[in-house]
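When a ligand or atom number is given, it counts from 1 through the structure's own listing order. Just so it is clear, the values below take in all heavy atoms, side chains as well, and ignore hydrogens, waters and symmetry mates.
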Amino acid sequence: MAVDNFPWWLQVTHFINFLFLGLLIRSGWEIIASHPRFYWKNDCGPGTEWIKFTKDTVPLEVGAFTARDDQRTLHPLISLPGRAKIGIGRAWHGLITMLWVLNGLIYVGLLFVTGQWRRLVPTSWDVFPEAWESMKIYAGFGVPSIEHFQPYDALQMLMYSFVIFVVAPLMILTGPVMSPAVVGRYPWYPKLFGGRQAARSIHFLGMAFFLFFVLIHVALVLIVHPEHNLVHMMMGVEYDPALVGQAVTRLIIGVAVVVALWIAASYASLIDVRKSQRILYGLQKPIKKWVLVPMTSRQRARQVFTEKDISPFHWVNTRPPTEEQSMEWLELRANNFEGYRLKVGGLVEDEKSFSIEELKAIQGQDQITMHTCMQGWTGIAKWSGIRLRDVLAQVEPLEDANYVMVESFGTAQHMSDGRPVEPYYTCLTKEMAFEDETILAWGMNGEDLPDMYGAPLRLRTESMHGYKMVKWVRSVSWIKDYRDVGDGMGGTREDSGYQDMDARI
Ligand SMILES: Nc1nc2c(c(=O)[nH]1)N[C@H]1C(S)=C(S)[C@@H](COP(=O)(O)O)O[C@H]1N2
Ligand SMILES: [Mo]
């Protein structure tokens, strides 16, 4: 195997990869910061973390410390975009993943088409004893002689193959397990990785491995025969001492450009966060619409969990309404919700309202499902309620009734833009509203819905993230367009947390 040139496409795909990996890792940190704990079990119980990046300990008492209280803020120099804009972090992560996978496919495709794969895929078992020899040399702070590198030595080959053919695919495969739509539609899939939280932990470990690999990779490039490496890498030609200076210049410029782009991405996203939200999610819309929705829409209930899977601990996000927020709810509460009536109206012929008893008489179902908050935590519970579509069937929608809006008595605990307290709401497309497991729940784990979890009625949209699942529901309305209500983004978390209206992934 002769040392031939490093082809130009190898340089380009490497450069793009370096840029994208940084964006992925930094947006990943933004997401981690919103729930800086990792678990193996889906319950996410306090004390069951195998690693956490916060000093806070969580009391077992329900609602004493909420998922929002747990959120951390990172600086824009560190995470993408920083300042706890998790919606934008998730948008970047999704978009760059698509581009990174594309770049990776081009790279691997070209490796095989051009025969370059022989450089890094070991073709003989000798690679293991040879790698061991290299390892011993490094362990003694030595450097294998240049003859070992043709162009890569055995240890390098093993490392590269492992990253490209094991770690990268594992990252791509564990990513979709974060999506409640994917997990709901294909319950066997998360099991391949030991469950949803195990997949999240593996995804985290993959990130840590990438960091470790990049550090070692860069260090070795610069320590072990750096003149040769730099000329190969940066100039794409055989080693020539005359080219070293130019290679170093190129390296410095390349790294500076990438780092500048990483940081620019953060600050550019923060200038006009709403615009970033629209652009970043907008670019992903076709993939969501043409791939994700058809692949995951759930017209059939799929109970995958049983009573014994029910989580002993279930995180709370936002506490029940206070006096400033809703006297109405507090008065209903004081009366055990006896006077409560769900209003069903908006663009309908005939507004109606229903007591919980009346709803129970129409239809009822139980579902044991996993709640997934986009922050990263999950919890399994049994929810009892009525299908939203059966509630909607009680009224006659007008012609331009296109979306369903669900409004709360309560608020969001924390609005990232610090605006005054206002009622929580969400909007659903017809597709979302009519799914089998989209219900208004009055019961949790066989009991009346507790106050913390949304009494007397809460929305459950099982194929979507938690932010769609309005607690303390006051009304359901047909509306013409979600762009006409609130800030026009589709719900409270979309308006002020910059999330996507389509909460499937
Ligand atoms: N009224 C209201 N409903 C809400 C929220 C909120 O802040 N206010 N948070 C949502 C989010 S982001 C999540 S993850 C779930 C959490 O539900 P839980 O507290 O029952 O676990 O509630 C959703 N419903
Ligand atoms: Mo959430």
Side-chain angles (χ1 to χ4, degrees), residues 31 33-35 42-46 58 61-71 84 86-87 89-90 178-180 196 310-322 325-326 328-330 333 369-385 405-416 419 421-428 438-445 447-462 464-476 486 490-501 503-505:
I31 300 170
S34 78
H35 192 76
N42 291 332
D43 298 345
C44 301
V58 184
E61 189 196 330
V62 168
F65 184 85
T66 68
R68 280 279 138 178
D69 297 332
D70 206 29
Q71 190 158 338
I86 182 185
R90 295 180 62 239
M178 308 304 114
S179 154
R196 200 280 184 188
I310 291 174
S311 302
F313 178 88
H314 198 293
W315 281 85
V316 166
N317 196 333
T318 306
R319 300 183 188 88
T322 59
Q325 293 163 353
S326 177
E328 204 182 340
W329 183 86
L330 282 166
R333 168 90 219 68
T369 49
M370 183 164 66
H371 179 103
T372 306
C373 173
M374 50 70 196
Q375 290 180 282
W377 56 271
T378 51
I380 298 164
K382 178 162 91 176
W383 304 97
S384 315
M405 174 167 71
V406 180
E407 286 174 285
S408 175
F409 290 104
T411 61
Q413 182 181 337
H414 168 85
M415 307 281 250
S416 44
R419 76 179 65 189
V421 168
E422 57 189 45
Y424 196 95
Y425 80 100
T426 206
C427 298
L428 306 171
T438 294
I439 67 171
L440 286 168
W442 52 69
M444 181 186 186
N445 298 335
E447 285 170 23
D448 283 350
L449 192 59
D451 291 353
M452 277 295 174
Y453 297 99
L457 206 57
R458 79 168 301 166
L459 186 59
R460 300 287 320 163
T461 52
E462 303 298 353
M464 270 159 276
H465 279 294
Y467 63 89
K468 284 283 168 194
M469 307 197 204
V470 180
K471 308 200 281 187
W472 316 289
V473 169
R474 168 211 286 274
S475 65
V476 173
T492 299
R493 296 266 182 248
E494 291 90 329
D495 287 348
S496 91
Y498 309 101
Q499 301 291 346
D500 192 15
M501 151 93 176
R504 285 187 175 82
I505 197 159

Participant: Would you name the heavy atoms of Y498 and D495 that are closest together and state the gap between them?
Facilitator: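 So the two residues come closest at CE2-O, 4.0 Å.
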
Participant: What is the closest protein heavy atom to atom 9 (N) of ligand 1, and at what distance does it sit?
Facilitator: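 In this structure, atom 9 (N) of ligand 1 has R493 NH2, 3.2 Å as its nearest protein heavy atom.
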
Participant: Please state which protein non-hydrogen atom is closest to atom 22 (O) of ligand 1 and give its distance, to 0.1 Å?
Facilitator: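 For atom 22 (O) of ligand 1, the nearest protein heavy atom comes out as R458 NH2, 3.6 Å.
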
Participant: What is the closest protein heavy atom to atom 14 (S) of ligand 1, and at what distance does it sit?
Facilitator: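 That would be H371 NE2, 3.3 Å.
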
Participant: Only heavy atoms of S408, strictly under 4.0 Å: list the atoms of ligand 1 that pass.
Facilitator: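 The atoms of ligand 1 under 4.0 Å from a heavy atom of S408 are 1 (N).
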
Participant: Where do R319 and G63 come nearest, in terms of heavy atoms and distance?
Facilitator: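 Shortest heavy-atom separation between R319 and G63 comes out as NE-O, 2.8 Å.
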
Participant: Between T318 and Q413, which heavy-atom pair has the shortest distance, and what is it?
Facilitator: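 Nearest pair, atom of T318 first, then Q413: OG1-N, 3.0 Å.
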
Participant: If the cut-off is 4.0 Å to any non-hydrogen atom of W315, which atoms of ligand 1 fall inside it?
Facilitator: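 This gives 18 (P), 19 (O), 21 (O) as the contact atoms.
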
Participant: Hey, is ligand 1 close enough to Y453 that some N/O pair sits below 3.5 Å?
Facilitator: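 For ligand 1, there is no N or O atom that lies under 3.5 Å from one belonging to Y453.
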
Participant: Would you check the N or O atoms of W383, main chain and side chain alike, for any that come under 3.5 Å of an N or O of ligand 1?
Facilitator: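 No, W383 has no N/O under 3.5 Å of an N/O on ligand 1.
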
Participant: By number and element, which atoms of ligand 1 are closer than 4.0 Å to a non-hydrogen atom of A412?
Facilitator: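 Those of ligand 1 that fall under 4.0 Å from A412 are 7 (O).
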
Participant: Specify side chain, backbone, both or neither for T411, according to which of its non-hydrogen atoms lie closer than 4.0 Å to ligand 1.
Facilitator: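 The answer is the backbone of T411.
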
Participant: Determine, step by step, whether Y467 and N317 satisfy the side-chain hydrogen bond (donor to acceptor under 3.5 Å, both in side chains) criterion, reporting the C-alpha distance in whole Å, the side-chain angles of both residues, the deciding distance to 0.1 Å, and the verdict.
Facilitator: CA-CA 9 Å; Y467 63 89; N317 196 333; over 6 Å; no

Participant: So, do L449 and W442 sit near enough that their side-chain heavy atoms are less than 4.5 Å apart?
Facilitator: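 Not in contact.
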
Participant: Examine the proximity of ligand 1 to K468 and report which part, side chain or backbone, both or neither, has a heavy atom under 4.0 Å away.
Facilitator: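 Within the 4.0 Å criterion, K468 makes no contact with ligand 1.
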
Participant: Compute the shortest N/O to N/O distance between W472 and ligand 1 and return yes if it is under 3.5 Å, no if not.
Facilitator: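 No; the residue has no nitrogen or oxygen that sits under 3.5 Å from a nitrogen or oxygen of the ligand.
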
Participant: Identify the closest protein heavy atom to atom 11 (C) of ligand 1: which residue and atom is it, and at what distance?
Facilitator: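 Of the protein heavy atoms, G466 O, 3.5 Å lies nearest.
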
Participant: Around atom 10 (C) of ligand 1, find the nearest protein heavy atom and jot down its residue, atom name and distance.
Facilitator: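 Of the protein heavy atoms, Y424 OH, 3.4 Å lies nearest.
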
Participant: At what distance is the nearest protein heavy atom to atom 3 (N) of ligand 1, and which residue and atom is it?
Facilitator: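 Of the protein heavy atoms, K471 N, 3.0 Å lies nearest.
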
Participant: So which of T461, T492, L459 actually passes side-chain contact (heavy atoms from CB on, under 4.5 Å) with T426?
Facilitator: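 The option that passes is L459.
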
Participant: Report, in ascending order of atom number, the atoms of ligand 1 lying under 4.0 Å from any heavy atom of H314.
Facilitator: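 Ligand 1 atoms under the 4.0 Å threshold to H314: 21 (O).
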
Participant: Check P321 against G410 and note the closest heavy-atom contact, atom names and distance.
Facilitator: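 Minimum heavy-atom separation between P321 and G410: CG-CA, 3.7 Å.
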
Participant: So which heavy atom in the protein is nearest atom 7 (O) of ligand 1, and how far is it from that ligand atom?
Facilitator: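 Nearest neighbour among protein heavy atoms for atom 7 (O) of ligand 1, to 0.1 Å: T318 OG1, 2.6 Å.
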
Participant: Within 45° of the axis and under 6.0 Å from the centre of the six-membered ring of W472, does NZ or CZ of R333 qualify?
Facilitator: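 No.
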
Participant: Please work out which of the three classes, parallel, tilted or perpendicular, describes the rings of W377 and W315, given edges at 30° and 60°.
Facilitator: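 Rings of W315 and W377: tilted, as their planes differ by 30° to 60°.
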
Participant: Among L440, V476, V406, I439, find the residue that satisfies the side-chain contact (heavy atoms from CB on, under 4.5 Å) test when tested with L457.
Facilitator: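 Only match with L457 under side-chain contact (heavy atoms from CB on, under 4.5 Å): L440.
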
Participant: What are the two closest heavy atoms between E462 and M370, and how far apart are they?
Facilitator: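 The pair with the smallest heavy-atom distance is OE1-O, 4.2 Å.
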
Participant: Just one of K468, R90, E494, R493 clears the side chain to side chain donor-acceptor pair (under 3.5 Å) bar with Q499, so which one?
Facilitator: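 That would be R90; it is the only one of K468, R90, E494, R493 passing the side chain to side chain donor-acceptor pair (under 3.5 Å) with Q499.
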
Participant: For ligand 1, note which part of N317 has a heavy atom under 4.0 Å away: side chain, backbone, both or neither.
Facilitator: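 For N317, backbone and side-chain atoms both sit under 4.0 Å from ligand 1.
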
Participant: Report, in ascending order of atom number, the atoms of ligand 1 lying under 4.0 Å from any heavy atom of C373.
Facilitator: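 Those qualifying, in numeric order: 14 (S).
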
Participant: Is it the side chain, the backbone, both or neither of M374 that has a heavy atom closer than 4.0 Å to ligand 1?
Facilitator: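 Under 4.0 Å from ligand 1, M374 contributes no heavy atoms.
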
Participant: Does W377 reach ligand 1 with a nitrogen or oxygen that is under 3.5 Å from one of the ligand's nitrogen or oxygen atoms?
Facilitator: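 Such a contact does not occur with ligand 1.
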
Participant: Return the minimal non-hydrogen interatomic distance between S408 and P423, and the atom names on each side.
Facilitator: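 Of all heavy-atom pairs spanning S408 and P423, the closest is O-CB, 3.5 Å.
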
Participant: Is there a polar contact between ligand 1 and M469, counting only N or O atoms under 3.5 Å apart?
Facilitator: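 Yes.
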
Participant: Pairs of nitrogen or oxygen atoms closer than 3.5 Å, one from Y467 and one from ligand 1: do any exist?
Facilitator: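 No - when backbone and side-chain N and O of Y467 are compared with those of ligand 1, no distance drops under 3.5 Å.
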
